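Reviewing the structure listed below.
Please read all numbers here as calculations on a predicted model, not as lab measurements.
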Amino acid sequence: DSFRLCGKQFPHFHRLLYRFLPGIAIAFSFRQRLPLTFGTGKRMMKQNKAKEDSAMNASFHTGNRKRLYEAMKPASLLVMFSGEDVRKTNDEYYPFYTDRDFYYLTGLDQHELVLMAVKEPSGNVHEQIYILPPDLMAERWTGARLKPAEVEALSGISDIRFVNQFQTDFHALAAGGHYSLTSGQIAQVYLDLFRVSPQDIDRPAHRLLKQIQANYPYLQVENANAILRRLRLIKQPCEIDAIRQAEKVTGEGIMAMMKASRPGMYEYQYKAEFDYALTQHGPQGPAFPSIISAGKNNFCIHYYSYRGQAHDGDMVLNDVGAQHDSLMTDVSRGFPCNGRFSDKQKLLFNCALQTSNHMFSIVKPGFSMAEVDATIRRYNAALLCDAGVLDKPENIGRYMWHGGAHHVGYDVHDVIERPLTVKPGMVFCIDVGIYHEEWGIGFRLEDNLLVTEDGCENLSAAIPRTVEDIEAVMRKG
C-alpha cells in the first residue's frame, strides 16, 4: 500500500487518498488491485466471523428477558417497541437507532418491531416478536428485513408474527383478559415509558398508553423502565468484555488525533482522524456525537460545530467514545496541538491526573456513589489551591463546571437506577474537567471505571493519560 512519485516512496498512499479524495482512491484501488478500506473482502469476513463468535448472543438476551419477567407481577402483559423512523426533512429520515431497552432484551436492530409477553398468574411466560412482513419493493430500496429464522437465532424467541397482527392480538388480550394458551385474566400492562423531558415527542409506548387509558381503563399500567434500569446497572461479564474491546478502538482514535495534530489544523480534521480510525473496526461509528474542540471553543462543554482552528499553543479537547456489540465508552484526553505542554497546561493537567489517580485508588464496593463526584471536586480543589491557581476550595466552581461521574453501557449516559453505594460490575466515568478562561486552557481527563470485588479498574488506562506519554505519542506523529 505505497506509491512512488519522482523517485520518492509514499507509504499508506492509498489510505491518504481514501481519506481526502475517496473517488480517486476507489479508482486507484482498482488500478493497483488494492483492497478497498471500507469493510470489503477479508476484513468484512473477519467482522462477520467476530459477530458470530460474540458473547452477546441469544442466551444473553434471553437471560435479560427472564430477569425482567421475574420482576413483573403475575397476570401481566409486557409490550416493548424497537422504535420508528424519524423524519429529517422532505423524504429523508434520520439513521434509525433501535431503542436501547428493546435491543437489550432481544438483540434485534430494526424499526417497527414489537416484543409482547404474557406472564400468567402461575408465573409461566409466553412471548412473541412482531416483525415487518416481506416487501420486495421496500427491501430493494432500503435493505433486507429480518427473516423469522434470523429473529429466532438472534433473540431466542420462536413465536414470530408479522407486525400488522399486533393490534389484533393486543386487543384480544386486553379486552378478553385471557391468553389463548393459558387461563387467567390480564391485570396490568408493562410499558417502557421513559422520557428525558415531558416535552419529548410521543414514542410508540406513549401512544399505546393513551390507547389503553381510552379503551381499557381497567388495566393497570406499570413502567417497565424502572425494572430495566435496575437490570442494566450491573454489567455482565460479556458486557464488560465488549466495553474492553470498545476501549481499544477508542484509544486508536484518540492516538490518531494526537499523531496527526499540528498548529493550524481544523477541528473537523481531528474528527476525520478519529472517525477514520473507528471505521477500520466496523460500521457502528462513534458511541455518541464526538466533542472535539480547540482553544476558546473548549469552554463550550458540549460543542459540536467542528469549525474552529487549533492555533499554536492551544489545547485540543476531545470527549469521544467507540462502541462494540452496542456497548459504549466515554473517554476524554486533552493535549496541546503542537505536541508540547506549556508550564501552565502541565500544571493544570497534572492536577486533573492526580485527582483521577486518587479516585482509582479509593473507589471500591460500598463507596458512596454521591461521594464520587464530591470527592473529585474536593481533591482537585485542594490541588489547585496548593498550586496557587484557586484562592479557596469553596470557589472550585470557577474552574470545574460539571459533574465527574456518570454510568456507561448501552447508552453513553446509561439509563440506570442510580445506586446509593458502589457495587461490583458497575461501570462509570471518572471525569475531571478544568476550565481556566483567563489562561485560555480548558480540557477534560475522563476514564471509565469498572468496580471489581475488592476495588476498581481503569478500563481506559492504556490510552495515553500522562504529560510524558501524550508528548511521546505526539512526537511519533
Whether H111 side chain and T98 backbone form a donor-acceptor pair below 3.5 Å: no
Any V221 side-chain heavy atom under 4.5 Å of Q188 side chain: no
Listed partners of Q211 passing side chain to side chain donor-acceptor pair (under 3.5 Å), at least two apart: Q167
R465 with D447: basic N within carboxylate O range, under 4.0 Å: yes
Salt bridge (charged side-chain N to carboxylate O under 4.0 Å, His left out) partners of R195, counting only residues at least two apart: D202
Close side-chain approach of P204 and E84, heavy atoms under 4.5 Å: yes
NZ/NE/NH1/NH2 to OD/OE distance under 4.0 Å, E92 and R87: no
Those residues that, when tested against F102, pass ring-ring contact (aromatic ring centres under 6.0 Å, His included) (two or more places apart): none
Residues D192, R229: salt bridge by 4.0 Å N-O rule: no
Heavy-atom side-chain contact between L77 and F170 under 4.5 Å: yes
Ring geometry between Y216 and H171 (parallel below 30°, tilted from 30 to 60°, perpendicular above 60°): tilted
D319 and R333 ion-paired at < 4.0 Å: no
Side chain to side chain, V118 and I186, heavy atoms closer than 4.5 Å: yes
Intermediate values then yes/no, side chain to side chain contact (heavy atoms under 4.5 Å, CB included), V86 and Y93: CA-CA 6 Å; V86 177; Y93 292 85; 5.7 Å; no
Residue pairs involving residues 145-158 (criterion salt bridge (Lys or Arg N to Asp or Glu O under 4.0 Å); sequence neighbours excluded): E139-K147
Atom pair CZ (R444) and OG (S332), whose distance is rounded to the nearest 0.5 Å: 5.0 Å
Residues D411, R100: salt bridge by 4.0 Å N-O rule: no
Contacts of type salt bridge (charged side-chain N to carboxylate O under 4.0 Å, His left out), residue K423, not counting sequence neighbours: none
Donor-acceptor under 3.5 Å (E239 side chain, L327 main chain): no
Side-chain heavy-atom pair V408, T329 within 4.5 angstrom cut-off: no
Presence of salt bridge, E267 and K271, under 4.0 angstrom: no
Residue pair Y104 / S326, side-chain heavy-atom distance below 4.5 Å: no
Ionic contact status for E222 with K73, cut-off 4.0 Å: yes
Euclidean distance, E417 CD relative to R230 CZ, rounded to 0.5 Å: 5.5 Å
By salt bridge (charged side-chain N to carboxylate O under 4.0 Å, His left out) - contacts of D414 (at least two apart): R232, K235
Heavy-atom side-chain contact between L113 and V163 under 4.5 Å: no
Closest heavy-atom pair and its distance - V316, A310: CG2-CB, 4.4 Å
Charged N-O contact under 4.0 Å between D373 and R377: no
Y270 vs M265 side-chain heavy atoms within contact, under 4.5 Å: yes
